[in-house]
Structure formats: structure tokens, C-alpha cells
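Here the structure comes first, spelled out in C-alpha cells, and everything after it is commentary.
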Amino acid sequence: MAVVIVALAFLSFLSGGSCQTGAWKNAYATFYGDTDASETMGGACGYGDLYSQGYGTNTAALSTALFNNGQTCGACYELRCTNSPSRTITITATNFCPPNNNLPNDNGGWCNTPRVHFDLSEPAFTQIAQNSTRTISVSYRRVPCVKTGGIRFTINDDSNFTLVLITNVAGAGDVQAVSIKGSETGWEALS
């Protein structure tokens with residue numbers, strides 16, 4: 001039985017091209033979790049402990065309109081409250097805000113399709129609004145992610161699958177494709 005060595009190809013790593021600051025668009029924002037954001041750990045993007053992965057507390061769960069089936073995980077957005085546009089924050093997409101179609105879009109169904117919505121961690125939310133305000137109108141735009149310490153790769157394996165988690169990605173922030181090469185294989189795209 002041959003030993004297979006898996007190499008991650010930097011050249012096959014595409015981050016959606018260069019990320020340039022986009023135009024301001026309208027959306028809504030709420031917050032979830034607690035005051036230290038510990039209840040926002042984990043999430044649909046698979047990052048786990050957001051502190052140890054380098055994301056901190058400036059994070060958000062995105063509505064379906066923004067989440068794009070997970071393709072915007074790791075993307076960075078600048079947000080400002082429309083009532084106070086001089087105060088901005090930059091957040092990283094780390095989770096999915098699921099729709100609740102049993103409730104109206106403006107009363108509990110915040111993340112219903114096609115609503116563009118950011119469900120921020122409470123520490124992120126309170127940088128642009130008071131937490132006594134449950135829902136706010138915001139302007140947002142994609143911005144390049146600023147990260148330090150280099151890209152991080154975490155590989156977890158069990159008998160059924162191998163998980164390759166890529167975090168701390170600067171620039172566009174969201175990973176579009178990754179390929180691997182074993183010692184006895186050609187390049188293979190990961191899904």
C-alpha cells in the first residue's frame with residue numbers, strides 16, 4: 001500500500017480575484033449571541049472558535065441573499081448605520097442566518113429571502129448602534145480582508161472524509177476553489 005501525501009496547491013487556490021471596495025448598498029442588521037460573542041462560535045462556515053481562528057468578534061451571519069450557499073464565507077464587509085454613517089465597522093462572514101418564513105420579514109423573519117441582512121455578533125452591532133435597538137438599516141459594501149499571520153490550513157480526517165478548513169484569508173477573503181495532489185494522483189478539485 002503506497003503512502004499518499006496530500007499537498008495543497010497554492011496556485012490552484014483561487015480567491016475570486018482581487019477584491020476591490022464596492023459601492024454602498026442598502027440592507028438591514030440585527031445581532032445575536034451575548035456580549036462577548038461566545039454564543040456565535042461555530043456556525044455554517046465551519047470556523048469553530050472564532051477567537052483562535054483570528055476572526056475575533058467582528059463577525060456576522062448572512063441572509064440567503066448574501067450567503068450564496070457558503071461561497072461568501074470569509075468575505076469582509078464594511079457596514080455603517082444609515083442614521084450614523086460616520087461610524088463604520090468591518091466584519092467577516094462566518095455563519096448563515098436561516099430564513100424563518102413563518103414570520104414576516106420586518107418582524108422576526110429578518111433573514112427571509114430575498115431580504116439582504118447581516119445578523120451581527122453583539123459586540124460588532126454595538127459599535128454602530130445601541131443594543132436596545134433590535135433592527136437597524138445599514139449601508140454595506142465588500143471590502144478587502146486585512147489579516148495577519150498568513151493563511152491557515154486545518155486538516156481533520158476520519159474514516160469517511162477529510163476536511164480541509166482554510167482560514168485567515170486576506171484579500172477577497174472567500175475561497176472559491178482548492179485542488180489537492182497526492183503522490184500517486186493528479187490534481188483533484190475539493191468540494
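Because only heavy atoms are used, hydrogens play no part in the values below, and waters and symmetry mates are left out as well, while side chains stay in.
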Keeping [X] on the side-chain end and [Y] on the backbone end, is there a donor-acceptor pair under 3.5 Å?
X	Y	value
Asn95	Ala60	no
Arg115	Trp110	yes
Ser121	Thr57	yes

Do you know the tightest heavy-atom contact between [X] and [Y]?
X	Y	answer
Cys111	Pro98	CB-O, 3.6 Å
Cys97	Ala61	N-CB, 3.8 Å
Ala65	Pro114	CB-O, 3.7 Å
Ser179	Trp187	O-CZ3, 3.7 Å

Test of understanding: clusters of I, L, V, M, F, W, Y form through side-chain heavy atoms closer than 4.5 Å, transitively. Do [X] and [Y] belong to the same one?
X	Y	result
Phe96	Tyr140	yes
Tyr32	Tyr55	no
Trp24	Leu66	no

From [atom1] ([X]) to [atom2] ([Y]), nearest 0.5 Å:
X	Y	atom1	atom2	answer
Asn68	Leu62	CG	CG	10.0 Å
Lys25	Arg142	NZ	CZ	9.5 Å
Arg87	Arg80	CZ	CZ	13.5 Å
Thr94	Gln53	OG1	CD	11.0 Å

Legend entry - Greater than 12 external heavy atoms within 6.0 Å of Asp157's CG: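 Enclosed: over 12 neighbouring heavy atoms sit under 6.0 Å from CG of Asp157.
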Inset, instruction - Carefully, step by step, assess Asn58 and Ile91 under the rule side-chain contact (heavy atoms from CB on, under 4.5 Å). - result: CA-CA 5 Å; Asn58 279 5; Ile91 58 94; 4.3 Å; yes
Inset, instruction - List the steps and the verdict of side-chain contact (heavy atoms from CB on, under 4.5 Å) for Ile128 and Ile136. - result: CA-CA 10 Å; Ile128 59 171; Ile136 60 171; 3.9 Å; yes
Heavy atoms, side chains only, cut-off 4.5 Å: are [X] and [Y] in contact?
X	Y	answer
Ser139	Asn26	yes
Thr92	Lys147	yes
Leu79	Thr88	no
Cys45	Phe67	yes

Legend entry - Working for side-chain contact (heavy atoms from CB on, under 4.5 Å), residues Asn100 and Asn112: CA-CA 6 Å; Asn100 183 348; Asn112 290 349; 4.3 Å; yes
Inset, instruction - Check whether the side chains of Tyr28 and Asn105 place a donor and an acceptor atom closer than 3.5 Å, and report yes or no. - result: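 No - no donor-acceptor pair under 3.5 Å links their side chains.
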Inset, instruction - Could you go through the side-chain contact (heavy atoms from CB on, under 4.5 Å) check for Val146 and Thr90 one step at a time? - result: CA-CA 10 Å; Val146 177; Thr90 300; over 6 Å; no
Inset, instruction - On the 0 to 90° scale, with breaks at 30° and 60°, tag the Phe31-Phe125 ring pair as parallel, tilted or perpendicular. - result: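 Aromatic pair Phe31/Phe125 classed tilted.
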